[in-house]
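Report on one structure; see the data block that follows.
We name chains A, B, ... by the order of the sequence lines, and we start the count at 1 in each one.
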Amino acid sequence: MAVSPDLAALDGPSVEVAPLLLGATLSRGEVAVRLTEVEAYAGERDPGSHAWRGRTPRNEVMFGPAGHLYTYFVYGMHVCANVVTDPDGRAGAVLLRAGEVLGDDPAVDRGHPARGPARLCRTLAITLDDDGCDLAAGPVTLTLADPVPAGLISTGPRVGLRRAADVPWRFWLTGEPSVSTYRPAAPRRRRTPDA
DNA sequence: ACGCTGATGCTCT
DNA sequence: GAGCATCAGCGTC
């Protein structure tokens, strides 16, 4: 089997796996984050997914077995991370949008350093070098928790997408202060071609 | 309180 | 060369 037994639950459709990641713990070294907000991306048939136009060097990892980390660089200065789902050959993934830092002084956590996908990555020092990392082996590891009751989970449209912005594939823990507020895709203004 | 904007560089066409 | 699965900072109400 391609997926570690501990992470076997990830070996399925991203939309079904995504809510299972709420409450799970992502850690690196001494830093641990409890996931509070995620988004599902359904691979080649999802216009919002990086895998939409097929396999490329960047999205290669998404086509591999579940339980690995897919990281990418965006907007010139940010890294975002996904948990790869679906069987080997299928490009499903779940974007990790926000979490709550564990074990730290609550006073420090009040600033929500892991709110937003790029800040979550910065908190765990995740970079492009972590692309493809086996989440069962580390250095970044994922520990699943007992499923959160459906009544405590909210859903809505995914954040910041220009395509497929209508599908409610964003999942978060209702009332969690670490969850980012919804932002529609920024309308693109033309590069000052001048008057 | 909320909305709009620029910054910044990797990735694919 | 254009487009981004973003964020912080500034402006306006």
Side-chain angles (χ1 to χ4, degrees), chain A residues 10 13-15 17-19 21-22 26 33 35-64 66 68-86 90-101 108-133 135 140 142 154-172 177-195:
Chain A
L10 304 179
S14 56
V15 178
V17 172
L21 288 174
L22 294 175
L26 191 71
V33 163
L35 300 177
T36 56
E37 181 189 11
V38 299
E39 281 175 3
Y41 286 87
E44 286 176 284
R45 35 181 261 104
D46 176 7
S49 170
H50 288 165
W52 185 42
R53 310 199 200 214
R55 209 164 180 140
T56 70
R58 173 174 68 160
N59 64 29
E60 177 71 24
V61 170
M62 254 199 298
F63 285 83
H68 291 246
L69 200 64
Y70 163 54
T71 66
Y72 65 90
F73 195 94
V74 76
Y75 289 115
M77 57 184 102
H78 300 300
V79 173
C80 299
N82 297 248
V83 170
V84 175
T85 64
D86 290 79
R90 287 252 177 103
V94 176
L95 171 68
L96 309 178
R97 282 205 60 86
E100 142 189 76
V101 177
V108 176
D109 194 27
R110 207 176 300 150
H112 302 301
R115 173 163 125 170
R119 292 158 82 188
L120 186 149
C121 283
R122 205 175 50 158
T123 297
L124 291 170
I126 291 172
T127 69
L128 293 185
D129 288 341
D130 296 308
D131 191 39
C133 168
L135 290 169
V140 180
L142 178 71
S154 300
T155 66
R158 297 176 290 184
V159 174
L161 294 198
R162 317 175 65 74
R163 330 188 75 105
D166 51 325
V167 191
W169 286 349
R170 172 174 170 244
F171 303 82
W172 68 95
S178 65
V179 172
S180 53
T181 52
Y182 177 71
R183 296 173 56 119
R188 177 149 294 280
R189 235 185 37 147
R190 190 148 348 226
R191 232 351 168 166
T192 76
D194 229 32

How many Å lie between [atom1] on [X] and [atom2] on [N], as a whole number?
| X | N | atom1 | atom2 | result |
| --- | --- | --- | --- | --- |
| A:Tyr72 | C:dG3 | OH | P | 18 Å |
| A:Leu120 | C:dA5 | CG | P | 18 Å |
| A:Arg55 | B:dT11 | CZ | P | 17 Å |
| A:Arg115 | C:dT6 | CZ | P | 14 Å |
| A:Met77 | B:dG6 | CE | C1' | 8 Å |
| A:His78 | B:dC10 | NE2 | C1' | 13 Å |
| A:Asn82 | C:dA5 | CG | C1' | 8 Å |
| A:Phe73 | B:dG9 | CZ | C1' | 5 Å |

Q. How long is the span from the OH atom in A:Tyr41 to the CH2 atom in A:Trp52, to the nearest 0.5 Å?
A. 14.0 Å

Nucleotide of [options] approaching [X] most closely (side-chain heavy atoms):
| X | options | result |
| --- | --- | --- |
| A:Pro57 | B:dT11, C:dC7, B:dC12 | B:dC12 |
| A:Arg119 | C:dC4, B:dC10, C:dC7 | C:dC7 |
| A:Ala118 | B:dC10, C:dC7, B:dC12 | C:dC7 |
| A:Tyr70 | C:dT6, B:dC10, C:dA5 | C:dA5 |

Q: Mark yes or no for a side-chain to base donor-acceptor pair under 3.5 Å between A:Tyr75 and C:dA5, with no hydrogen or angle criteria applied.
A: no

Q.
Heavy-atom nearest nucleotide on DNA chain B for A:Arg53 versus A:Val74: which residue maps closer to 5'?
A. A:Val74

Q: Could I get the full list of side-chain hydrogen bond (donor to acceptor under 3.5 Å, both in side chains) partners for A:Ser154, not counting sequence neighbours?
A: A:Thr174

Q. With sequence neighbours excluded, what pairs up with A:Arg58 under the side-chain hydrogen bond (donor to acceptor under 3.5 Å, both in side chains) test?
A. none

Q. Under 4.0 Å between a side-chain N or O of A:Arg162 and OP1 or OP2 of C:dC4?
A. yes

Q) Between A:Arg170 and C:dA5, does any side-chain N or O lie under 4.0 Å from OP1 or OP2? A) no

With heavy-atom distances below 4.5 Å as the criterion, would you say the side chains of [X] and [Y] are in contact?
| X | Y | answer |
| --- | --- | --- |
| A:Val17 | A:Val83 | no |
| A:Leu21 | A:Leu142 | yes |
| A:Asp130 | A:Val79 | no |

Q. By salt bridge (Lys or Arg N to Asp or Glu O under 4.0 Å), which residues pair with A:Glu37, not counting sequence neighbours?
A. A:Arg97, A:Arg170

Q: With sequence neighbours excluded, tell me which residues meet salt bridge (Lys or Arg N to Asp or Glu O under 4.0 Å) with A:Arg55.
A: A:Glu60

Q: Give a yes or no on whether A:Arg119 atom CZ has more than 12 heavy-atom contacts from other residues, nucleotides or ligands under 6.0 Å away.
A: yes

Q) What residues in residues 40-50 of chain A put a non-hydrogen atom under 4.0 Å from any atom of DNA chain C? A) A:Tyr41, A:Gly48, A:His50

Q) So what does A:Arg158 touch, heavy atoms closer than 4.0 Å: a base, only the sugar-phosphate, or nothing? A) nothing

Q.
Using side-chain contact (heavy atoms from CB on, under 4.5 Å), reason through A:Thr71 and A:Asp129 one step at a time and then give a plain yes or no.
A. CA-CA 8 Å; A:Thr71 66; A:Asp129 288 341; over 6 Å; no

Q) Which stems, defined as runs of 3 or more consecutive Watson-Crick or G-U wobble pairs with both pairing distances under 3.5 Å, involve DNA chain C? A) B:1-7 with C:6-12, B:9-12 with C:1-4

